[in-house]
2 protein chains.
Amino acid sequence: MSDGAAPPVTPGRGRRPSRATGDDRELAILATAERLLEERSLSAISVDDLARGAGISRPTFYFYFPSKDAVLLTLLDRVVAEADATMGAVFDSPAAGPREAWQRALAAYYDTFRTHRALTVAWAEARSTSGAVRTLWAEVFERWVQRCATSIEAERARGAAPAGPAARDLAIALTSMNERVIYASLSGDGPAVADEDVVPVLLRVWLTAVYGSPPD
Amino acid sequence: MSDGAAPPVTPGRGRRPSRATGDDRELAILATAERLLEERSLSAISVDDLARGAGISRPTFYFYFPSKDAVLLTLLDRVVAEADATMGAVFDSPAAGPREAWQRALAAYYDTFRTHRALTVAWAEARSTSGAVRTLWAEVFERWVQRCATSIEAERARGAAPAGPAARDLAIALTSMNERVIYASLSGDGPAVADEDVVPVLLRVWLTAVYGSPPD
DNA sequence: GAACGAGTCAACGGGGTGTCGAGATACGGG
DNA sequence: CCCGTATCTCGACACCCCGTTGACTCGTTC
């Protein structure tokens, strides 16, 4: 249990592996971050808070992570991996019809982020301060957009959906809506759609946008 | 030209009026903020930068504004006033048909924020750090949502639009999409819809969401 | 038991915020 | 003309946070 197996957590994101008791400390930092994020925003959490929460001093924190953002990034890697896995499973599994397919995809997307509420909110917040966080978000967004654009094009090709704006642009607009609506619902800031109405409303807009013809 | 007339700029937002040369300093600070925001993000601008840009020392800055956020808030008041005026004009003026009405509203909305690109981007950024900024945003969002929800309900009442999700929820979802798509387009972060395609794509989604029936 | 590497932290330097209190400056009235 | 008052200004301070350095403690290995 000391070494041997490949590191199970956070494969990428360039950080030196640490062995022996170091792993415990690292996990303690991550757990502290996740716990503190439940009660306050990322900007209200200092490196000192994370260090003390993990039972170490501030300089020692820097032995494990290069910055506060890196901790968030490591935490986000897990969520992203989970989201990608869920997304892949949903898109690849057969569905009774397009309506059900989109419905399942939306519900899975929402569920993933809802089960990591604090992290999702912190993600959105850190996007404006950390380039790495912004990049990670852009990657995830791009993957989702491409999947959706492909699906839209497929529906158009088989004559199920009418022509319209470039599939990619449509996918970007609709994915942006998802993101913002979900964030508002999770963060509680400002007007938001009620929790149980999020998926139905998003679904309705997606379906009409993809399959409906505009009036006139 | 010293005093006499009511203060033309920033009527609300609780700040003590100052007369004589003080007005100049205040305006210099605002101008500096607007200028610096064109080149870097708000968090990369220090109070010292604003003070030096306006030709005063840092403590003197605090004589005019209680914080950096307050400067942004004052700047935003102008944009909000402009947006509200434009929005009111668009909604009140008669249109050839619903399509044109929505098209004009969307275009006006987009134009307002595009002509204040730097400020809009800073607004979104500061939303996560300043409660006052967040509140201002929520107010603007809420006004827009209510206008749209009312219009959707009117269309449904006259039989032009089919029944569907609560008009307010639909308005929230679509307005969220507007906001996010516009922000992405203006900030240049991550995948975005090209400048000239923003309004057409948004319009298409709005029209199908409001007037189109879902498949199946 | 010496050498080494992992882990630890007090102390430092640098940058940011917001405040305080002492001075400058302008101006109207005695 | 001079004086009081309100406006304005800033040097210096206290505080918070970040990230680094260099010395120190351990456990392991040869």
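By convention in this document, chain letters (A, B, ...) are assigned in the order of the sequence lines, proteins followed by strands, and residues within each chain are numbered from 1.
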Point to revise | Whether A:T115 side chain and A:D111 backbone form a donor-acceptor pair below 3.5 Å | key: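 At least one qualifying donor-acceptor pair exists.
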Distance in angstrom units between [X] [atom1] and [N] [atom2], rounded:
X     : N      : atom1 : atom2 : value
B:D24 : C:dA26 : CG    : C1'   : 15 Å
A:D23 : C:dA6  : CG    : P     : 13 Å
B:Y64 : D:dT7  : OH    : P     : 11 Å
B:R25 : D:dC10 : CZ    : C1'   : 12 Å
A:I56 : C:dA6  : CD1   : P     : 17 Å
A:L50 : C:dC9  : CG    : P     : 15 Å
A:D48 : D:dC16 : CG    : P     : 11 Å

Exercise for review: Return the nearest nucleotide to the side chain of B:F63; candidates are D:dT9, C:dC9, D:dC10.
Suggested key: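 Nearest listed nucleotide: D:dT9.
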Please list, pair by pair, any protein nitrogen or oxygen found under 3.5 Å from a nitrogen or oxygen in nucleotides 19-21 of chain D.
residue, atom, partner, partner atom, Å
D:dG19, OP2, A:Y62, OH, 2.8
D:dG19, N7, A:R58, NH1, 2.6
D:dG19, O6, A:R58, NH2, 2.3

Exercise for review: With side chain to side chain contact (heavy atoms under 4.5 Å, CB included) as the test, would you mind laying out the steps for B:R52 and B:R58 before giving the verdict?
Suggested key: CA-CA 7 Å; B:R52 292 193 173 278; B:R58 206 167 55 78; over 6 Å; no
Review point. Under 4.5 Å between any side-chain heavy atoms of A:T74 and A:E26, yes or no?
Key: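 Sidechains of A:E26 and A:T74: no contact.
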Exercise for review: Apply side chain to side chain contact (heavy atoms under 4.5 Å, CB included) to the pair A:W144 and A:N178, showing each step before the final yes or no.
Suggested key: CA-CA 11 Å; A:W144 177 260; A:N178 284 2; 3.9 Å; yes
Practice item. Select base, sugar-phosphate, or nothing to describe what A:S46 touches, counting heavy atoms under 4.0 Å on all strands. Key: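 Sugar-phosphate only.
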Exercise for review: Check the angle between the aromatic planes of B:F113 and B:Y109 and answer parallel, tilted or perpendicular using the 30° and 60° thresholds.
Suggested key: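 Rings of B:F113 and B:Y109: perpendicular, as their planes differ by over 60°.
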Check your understanding: Looking only at side-chain N and O atoms, does B:T60 come under 4.0 Å of OP1 or OP2 in D:dC8?
Key ->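 For B:T60, the contact criterion (side-chain N or O under 4.0 Å from OP1 or OP2 of D:dC8) is not met.
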**Study point:** Minimum heavy-atom distance between A:A44 and A:D49, given as atom pair plus value
**Key:**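 The answer is O-OD2, 3.9 Å.
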